[in-house]
Asks: 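Before we start, here is the structure in question, set down as structure tokens.
Lettering follows sequence order; numbering is per chain, from 1. FYI, side chains are in, hydrogens and waters are out, and symmetry mates aren't considered; it's all heavy atoms of this structure.
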Number of protein chains: 2
Amino acid sequence: MGRSALVAILTPVDTPDDPRIDDFRDLTTADRRPDRPGGRGLVIAEGVVVVRRLLESPYPVRSLLGVRRRLEELSDELTRVDVPAYSTDADTMARAVGFHLNRGVLAVADRVGEPDPAELLGRARTVAVCEGVGDHENLGSLFRNAAALGVDGILLGPGCSDPLYRRSVRVSMGHVLRVPFTHLAGTWPASLDTLRAHGFTVAALTPAADAEPLATAGLAGARVALLLGAEGPGLSDEALAAADRRIRIPMASGVDSLNVATAAAVAFHAVTGG
Amino acid sequence: MGRSALVAILTPVDTPDDPRIDDFRDLTTADRRPDRPGGRGLVIAEGVVVVRRLLESPYPVRSLLGVRRRLEELSDELTRVDVPAYSTDADTMARAVGFHLNRGVLAVADRVGEPDPAELLGRARTVAVCEGVGDHENLGSLFRNAAALGVDGILLGPGCSDPLYRRSVRVSMGHVLRVPFTHLAGTWPASLDTLRAHGFTVAALTPAADAEPLATAGLAGARVALLLGAEGPGLSDEALAAADRRIRIPMASGVDSLNVATAAAVAFHAVTGG
């Protein structure tokens, strides 16, 4: 696209208090769930790569705000959608959002309802089920690793953080916008029966010495739901008891467990990488 | 140990400008290499777990600085070493180091010379060789994953950051202090011959479509040097050409590569986890 065509779809914004960019104001709280103080539940994408993924996602994009140079990188996508793109300078942008953004472009979208677990599971071969993964960065990394290693969906049990929180979106490099996820309904961990009903073997990842070593567990190509707990506390006893199998990644003695997203990547590869 | 015995080994410090805690002053630059501005090349450990690992490491500890509660957690270790332990309050500590430290205890040590590559390789079965891993956090995570998954040492090629930089030490959870590492001498990548001379197969990790899939490469239990490049640019063409084998982790299309430390963990497990 030529420069003049891009100019035609950009809307210049000159002052940080322009009401057209209200969605980007006070960005540190705007992504909070609507039931939290200041939270509007918006989905926020930062940087060209993640904004591009948001534009390709099911989330309805409300608008973009960015410096000219970054919006130009998105010109192909912008000509294909009917979304306001506000062009401004770095200083005005920083004053509107409340801090300086290195990445130079933002997009906001509304949330959409989560898929029904049955719908997600019906077309999935490998899924992860998380219990107590409350750290936004770990959850974001887990989505990134799931996307890279061909995991079809993520089910959220109790105690997990919000995948659409801004920091998770950023750490996931936008893959929370692509990998389907949903909360598992019903009483935990009895709700894991939903997975078995769809033909999945529920394989819990645990450091327990009597669990089966991952390398010889024969999970490659199987229909597996990997059950993952938080780094540190790990899975609850109830969740471990509700799993069909208990799998361990052999660890050197005296070493803390791997980060949950890293352990998940090792296990994802064992299931999908063969 | 009783409280009175601990009191006997702690030295109270009341003011942030006490010269006995000069090692902890301006902490954001003290860990820089001695050839950089403000750099003194000290090894800095933050938090009880990492300080404990520093006390168990080959690095000669100069002193500790911490709040009473955190030093008490280290009392067993402190009674076994002859190292000054300065006890103070959180505010004095923050004013001395220049910022507030949640972890409440610090230790500083001097560097020691790196082992000779021949010495490190002689007693190793699995090693990683890094090219261009210039991000301190990625390098720290890589050491943590190497420690957890039983990798015996790390060789640093050109363009790698300093594993003993404070942020790497912290992200590694102190495992840079435990996993032996050294720089590979000689012209890169001809210097990879050193590994072959010690019986290692040099296996380069690459996203190239014509590389062998990791799962079927048969690396389990072999004497392998995994060659790892930076996320993004990856290994140089020269390094790839100098490897004995090229191995890939199958990735979903349209997804960025895994973080280098995560990819390394997947590969480490394939070699050591069987």
Asks: About how many Å separate CG of B:L214 and NE2 of A:H269, when rounded to the nearest 0.5 Å?
Replies: 4.5 Å
Asks: Mind checking salt bridge (Lys or Arg N to Asp or Glu O under 4.0 Å) for A:R52 and listing every partner two or more places apart, or none if nothing turns up?
Replies: A:E77
Asks: Should the heavy atoms of other residues, nucleotides or ligands under 6.0 Å from CZ of A:R103 be counted, would the total exceed 12?
Replies: no
Asks: Between atom CG of A:L149 and atom CD1 of B:I249, what is the distance when rounded to the nearest 0.5 Å?
Replies: 7.0 Å
Asks: Restricting to non-hydrogen atoms, name the atom on A:A215 and the atom on B:G273 that form the minimum distance, rounded to 0.1 Å.
Replies: CB-O, 3.5 Å
Asks: Strictly less than 4.5 Å between heavy atoms, which residues of residues 168-182 of chain A line up against chain B? Please order them by number.
Replies: A:M173, A:H175, A:R178
Asks: Considering only heavy atoms and a distance below 4.5 Å, find which of A:A148, A:A263, A:P213, A:A252 pairs most often with chain B.
Replies: A:A148
Asks: Kindly write out the residues that satisfy salt bridge (Lys or Arg N to Asp or Glu O under 4.0 Å) with A:R80, not counting sequence neighbours, or none if the list is empty.
Replies: none
Asks: For the residue pair B:T262 and A:V266, establish whether any side-chain heavy-atom pair is separated by less than 4.5 Å.
Replies: no
Asks: What residues of residues 135-142 of chain B sit under 4.5 Å from chain A when you count only heavy atoms?
Replies: none
Asks: Hey, does A:N259 have a side-chain heavy atom less than 4.5 Å from the side chain of B:R144?
Replies: yes
Asks: More than 12 heavy atoms of other residues, nucleotides or ligands under 6.0 Å from CZ of A:R69: yes or no?
Replies: no
